[in-house]
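What's counted below: heavy atoms across the whole structure, side chains too, no hydrogens, waters or symmetry copies. Counting convention: from 1, in listed order, for ligands and their atoms alike. Residue indices begin at 1 and follow the sequence shown.
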Amino acid sequence: MKYAIFIALFAVASALPGRVVRSSDDVVPILRSDVVAPSAGGEYSFDVETGDGIVRSESGYGSADNGAVESQGTVSFTHPDGTPFELKFVANAAGYQPESAALPVAPAFPFEIPQFVLDQIAKAAEEDANRSLEQSKGDYVGYE
Ligand SMILES: *[C@@H]1O[C@H](CO)[C@@H](O)[C@H](O)[C@H]1NC(C)=O
């Protein structure tokens, strides 16, 4: 029964106008593929473009601090409805930092937050920090 519902939904979705349905047998040509494999220092890069309009490039290197790889790159493609998608990112010690007009943005808070509320939030964060500091001291099983 579930299978029949899936087939019916798939048939409806496939019939939607303007939608390109690819089969797994379709071959997407690789138009460009410049790859520099990681060196001993962790430096690498790749720049790939496929016939279906996906462009992906990225480069990175090993960080001197902790050996972690820091990288940056871009991704772009066109959605089935024709809308272009572009994303730039940097990934480093500060985390993964994507930038794209397609990413959701939180709405502005509808009113000014009173100072006493901000003070209470800061106090709660300090209590949490103190508590986890106390717990980490309690969990410490070291040999001195
Ligand atoms: C957190 O710990 C510090 C240092 O012991 C202390 O001065 C402070 O009052 C504590 N904060 C809270 C909110 O308990």
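- Shown here, atom 1 (C) of ligand 1 is in close reach of the protein: a heavy atom of it lies under 4.0 Å off.
- The number of heavy-atom neighbours closer than 6.0 Å to CD1 of I30, taken from other residues, nucleotides and ligands shown, is 12 or below.
- A salt bridge is defined here as a Lys NZ or Arg NE, NH1 or NH2 lying under 4.0 Å from an Asp or Glu carboxylate O, and K88 with E86 fails to meet this definition.
- Remark: atom 5 (O) of ligand 1 lies closer than 4.0 Å to no protein heavy atom.
- Closest to atom 9 (O) of ligand 1, if we only count protein heavy atoms, is E126 OE2, 4.1 Å.
- Not a single N or O atom of E127, backbone or side chain, sits closer than 3.5 Å to an N or O atom of ligand 1.
- Within ligand 1, counting atoms from 1 as listed, the ones closer than 4.0 Å to a heavy atom of N130 are 1 (C), 2 (O), 3 (C), 8 (C), 10 (C), 11 (N), 12 (C), 14 (O).
- Between H79 and F85, the ring-plane angle classifies as perpendicular under the 30° and 60° cut-offs.
- Side-chain N or O atoms of E43 include none that pairs as donor or acceptor with a backbone N or O of G62 at under 3.5 Å.
- A side-chain donor from one of Q72 and S59 sits under 3.5 Å from a side-chain acceptor of the other.
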